[in-house]
Structures are given as C-alpha cells and as structure tokens.
Amino acid sequence: MSVMDAMTVTKPAGVLPQLDAGQKPSLIGLSREEMGAALREKGVPDKQIKMRVAQLWNWIYVRGVSDFDHMTNVAKDMREMLKQHFTIARPDIVEEQVSNDGTRKWLLRFPPRGAGRPVEIEAVYIPEEGRGTLCISSQVGCTLTCSFCHTGTQRLVRNLTAEEILSQLLLARDRLGDFPDREAPQGTIMPAEGRKVSNIVMMGMGEPLYNFDAVKQALLIATDGDGLSLSKRRVTLSTSGVVPEIFRTGDEIGVMLAISLHAVRDDLRDILVPINKKYPLKELIDACRRYPGLSNARRITFEYVMLKDVNDSLEDAKGLVQLLKGVPAKINLIPFNPWPGTNYQCSDWAQIEKFADFINSAGYASPIRTPRGRDILAACGQLKSESERMRKTERLAFEAMMIANHGADD
C-alpha cells in the first residue's frame, strides 16, 4: 500500500485519537455518540447521557467555552470529573501576525501523536466585505509533489485529528470575538455584520481527501445546526483530484467542492499535479459531473494557477471551456507567486486578462485572485532556515490567493 493510499484508511467508529503520555483526551471533535460513550466510561449514568451530551455540545460549540469551570449549569462534581479526565483547551498559539489589510495568520502547535515531537500548522483568516473566510489545514505536511508549489518539498508528518481541524475554527472565533459575550481585539478588520467567520475553506496544508474520516467528522460538526451551525454552502473543500473520495465528499459531507486543476491536458497535468497520473482528467471530470447536489446554484470551483508560456495560451483557455462543458463551474484564475529556484514565472497580466475574458465570454465566471497579507508573509524570516522560510512563505501566499470568495453569499 502506498503512503497516499494509506491516508484513506477508514477509522473504526468510536476509536479516539492517539494520545501522548500524560495527555487527556479532548471532547472536541467527538460525535455525540463518541462523547456519550466517553462519559459513560467515566461513570455517568445512562439516563443522564443524552442530557449531558447536549449540555457539553452547547457549551463547546455554541458558547465557545474552553474551560469546564465556565459551564455554569453543570453540577460542580460533574465539572470536577470532566476536568480530571478530559480537556477542551485550544491549541498553543506560537505566533499571530496581522496584515495591514486585516489578514490574520496563526501558527498553531499540536501534540506529537506519533510524530516524535510537537507539530505546527497554519490557519489564515481573510476578512472581506460581507464575509470572513478561514483557511484550515488537514495534514501536517503533504504527500503531493505539485511542481509549481514549493510545499511539495515537505514530507507528510501526520494527519490532523477531527479535534485539531475543528480547533482551528474554534480558536479563530475566540480571537475574533465570534462567540457570545466575546469581543474582538481593538482595530480588528472583519465583516461589519453577521459572523466574523462566515466561510471556511479546506485549503491549508495537506490533501483533505487523504484524511477523509477526520475531515468528514470535523466538517459535520462545524455544520451541525445545534452547534457551530455553518452553512454547507459556505464550506469549501479543495482537492487535487482524489477521485474515489469525491462522490463521498458530496454524499457524506455535502459541502462545496473545489478542484486544483491547473492544466487541461494529461501530459501537462502529469507534471504540474502528479496525482493526475493516478487519476487522469477524464476520470476527474467524470467524478465532478457526478458530484451530489451539483447545479448552477451549487457550482464546482476549478482553481487554475497562471504559469507563463506553460498553461496560459488561448488554446489552453479553449481547452478549459471544452473540458468543463456541461459542468456547472466557476474558474478561479490564480497569478503564480514565484519562489527562488522555481522554473516557473507568473503569466503577464495582459495575458491573464485575455484568458479571463475568453472564459467569461464562454459563460463561466472567472475571477482573478490577488494575494492578501503580503506584508506579514514577508515577515516569515524568523524561521530557522531559508528553505523553511520560503516553503512556508510560498504556501501561505498561494493559500491567500485561493481563499477569497469561496462559498455562497446567502
């Protein structure tokens, strides 16, 4: 079994994440059934389980508490038991940076859980008029080796758990004052009305569909109507094309889908996105056509990085229109962000506009994405080595270009 295939192994129901020595299990990220089983194991009577789970669910996901002592309608002896055996704490913030345009970036640290030492990931928040979008990671590192992305030089360390995926959302809402009775830091740029985090995109580190079970559980909790209650139309999962899991994503999770496409010919996509050798374009597009709930109101987003003299000709634009014929789609054109050592260059702006005009004239929305938070991305020089700094800088710049305007507005 390959490393990639290993990432799709199904987690048996009820199995809790691996714990390190002295680490308490978290109640965050458990299904109601798993939470009930955890309480039952600690002696909570069966007749109380449903009520206790409902209490905890409300405090964790509606009120956003991270300390059992704040659960004022839970009996003191129950709170003491919870503190002794469980945690609902947030991950450690290693660094928080704020851009002049309001973009926020958190470097978060999680326990080793088999990785040998604590691991770190990033979450990025981009405020826009009418929405606030949070980019969430699903893995530490990545198995994919997309040739235009410097992140491909990073080895996969481990999958994130459902708790760790959800914790990125909970922490962002904490920091932005997006829970009841909370206030955002003075001067925070965010939507004037409604939720501060209104949209989430699975576009951070890793391939979400190689960590399907944890991503599924986290997103089902994030969209649960009795808790965090995000609309599934405002949640977008981005994949490089793990075909066997695409239908499952729509059928079992029901969120919006984004495809990292970047080429319209197999020979070129084999180079740019090597997973194409395993799942070529015909299989990928066929899977997209079968995506549950696909309609003009629930379009698939196709991400297309603009590489000079590589994939930016009008012939490529024509091929893109032909490839996606009949698929309700939006095409995000992403200007390439060069990094030292890369053989690629960003397409000329005039060429990007010609490409976009052709796609638009064919009836597809094709917004051109521009980077956000450049000033804080350039400040990543505090990392230990040049290679680590550039790898992180490139990843975050690329994420920021892809994040904007994903998901429905209503």
Side-chain angles (χ1 to χ4, degrees), residues 135 142 144-149 151-152 201-204 206-210 236-247 249-250 255-291 294 298-337 344 346-347 351-352 354-356 358-360 362-369 395 398-399 401-407:
C135 179
C142 188
L144 303 179
T145 55
C146 300
S147 63
F148 58 86
C149 182
T151 310
V201 291
M202 298 298 306
M203 291 185 180
E207 165 56 64
L209 297 190
Y210 281 144
T236 300
L237 183 149
S238 177
T239 177
S240 292
V242 185
V243 167
E245 309 299 334
I246 287 178
F247 185 89
T249 300
V255 296
M256 307 296 281
L257 181 68
I259 303 291
S260 292
L261 187 63
H262 312 307
V264 297
R265 309 188 317 271
D266 280 321
D267 59 338
L268 178 57
R269 196 166 190 268
D270 286 349
I271 297 170
L272 298 180
V273 189
I275 193 178
N276 193 73
K277 297 174 184 176
K278 188 170 186 179
Y279 305 115
L281 281 168
K282 185 180 186 304
E283 292 183 26
L284 175 59
I285 300 304
D286 284 348
C288 290
R289 293 182 193 280
R290 296 193 301 271
Y291 192 70
L294 182 62
R298 291 176 60 85
R299 296 174 293 173
I300 293 175
T301 298
F302 290 88
E303 296 150 357
Y304 196 94
V305 63
M306 299 298 295
L307 303 170
K308 186 175 183 178
D309 300 327
V310 174
N311 66 351
D312 64 349
S313 70
L314 285 183
E315 286 303 310
D316 289 303
K318 293 175 184 176
L320 183 55
V321 170
Q322 186 62 33
L323 180 70
L324 302 183
K325 188 175 181 180
V327 179
K330 178 174 72 173
I331 302 161
N332 279 352
L333 301 181
I334 306 164
F336 175 64
N337 189 56
Y344 299 111
C346 182
S347 302
Q351 186 63 22
I352 296 175
K354 287 180 183 178
F355 197 101
F358 184 89
I359 301 298
N360 277 311
Y364 291 96
S366 56
I368 301 171
R369 294 290 167 240
R395 179 176 65 252
F398 191 69
E399 285 173 4
M401 283 187 277
M402 291 197 295
I403 289 169
N405 291 332
H406 275 283

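Keep in mind that the numbers below use all heavy atoms, side chains included, and drop hydrogens, waters and symmetry copies.
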How close do Gln351 and Ser313 get, counting heavy atoms only, and between which atoms?
NE2-CA, 3.9 Å

Point-to-point distance, once rounded to the nearest 0.5 Å, from OG of Ser240 to CG of Leu284:
9.5 Å

Decide yes or no on side-chain contact (heavy atoms from CB on, under 4.5 Å) for Tyr279 and Ile246, but give the supporting numbers first.
CA-CA 12 Å; Tyr279 305 115; Ile246 287 178; over 6 Å; no

Any side-chain to backbone donor/acceptor pair from Tyr344 onto Val310? Under 3.5 Å, distance only.
no

Could you state the interatomic distance from CG (Leu294) to CZ (Arg289), rounded to the nearest 0.5 Å?
9.5 Å

Measuring from Tyr364:OH to Ile359:CD1, what's the distance to the nearest 0.5 Å?
8.5 Å

Going by heavy atoms in the side chains, are Val305 and Cys346 under 4.5 Å from each other?
no

Which distance, rounded to the nearest 0.5 Å, do you find between the CG of Asn360 and the CZ of Phe355?
11.5 Å

May I have the step-by-step check of salt bridge (Lys or Arg N to Asp or Glu O under 4.0 Å) for Asp286 and Lys282, ending in yes or no?
CA-CA 6 Å; Asp286 284 348; Lys282 185 180 186 304; 3.0 Å; yes

Starting at CG of Leu333, measure out to CD1 of Ile368 and round the result to the nearest 0.5 Å.
6.0 Å

Please assess Val255 against Thr236 for the test side-chain contact (heavy atoms from CB on, under 4.5 Å), listing each intermediate value before the final yes or no.
CA-CA 6 Å; Val255 296; Thr236 300; over 6 Å; no

Applying salt bridge (charged side-chain N to carboxylate O under 4.0 Å, His left out), which residue pairs with at least one partner in residues 256-266 are found, sequence neighbours left out?
Arg265-Asp267, Arg265-Asp316

Identify the heavy atoms of Ser260 and Arg269 that sit nearest to each other, and give their distance.
O-NH2, 2.7 Å

Heavy-atom pair with the smallest gap, counting every atom of Val243 and Ala287
CG1-CB, 4.0 Å

So, Glu207 and Thr239: side-chain donor and acceptor under 3.5 Å apart, yes or no?
yes

Looking only at non-hydrogen atoms, find the nearest pair between Met203 and Glu303 and report the distance.
CE-OE2, 2.9 Å

State whether a side-chain donor-acceptor pair under 3.5 Å links Asn332 with Thr301.
no

Quick check for you: to the nearest 0.5 Å, what is the distance between His262 atom NE2 and Ile271 atom CD1?
14.5 Å

Could you tell me which non-hydrogen atom of Phe358 sits nearest to which non-hydrogen atom of Ala317, and how far apart they are?
CD2-CB, 3.7 Å

Taking all heavy atoms of Glu245 and all of Leu209, pick out the closest pair and write down the distance.
CG-O, 3.7 Å

Compare all side-chain heavy atoms of Ile300 with those of Tyr291 and state whether any distance is below 4.5 angstrom.
yes

Please tabulate, for the side chains in residues 318-329, all donor-acceptor contacts under 3.5 angstrom to protein atoms that are two or more places apart in sequence or on a different chain.
none

Would Leu268 and Asn276 satisfy side-chain contact (heavy atoms from CB on, under 4.5 Å), going step by step from the backbone distance to the final call?
CA-CA 9 Å; Leu268 178 57; Asn276 193 73; over 6 Å; no

Please determine whether side-chain contact (heavy atoms from CB on, under 4.5 Å) holds for the pair Ile275 and Tyr210, giving the CA-CA distance in whole Å, both sets of side-chain angles, and the decisive distance to 0.1 Å.
CA-CA 12 Å; Ile275 193 178; Tyr210 281 144; 3.5 Å; yes

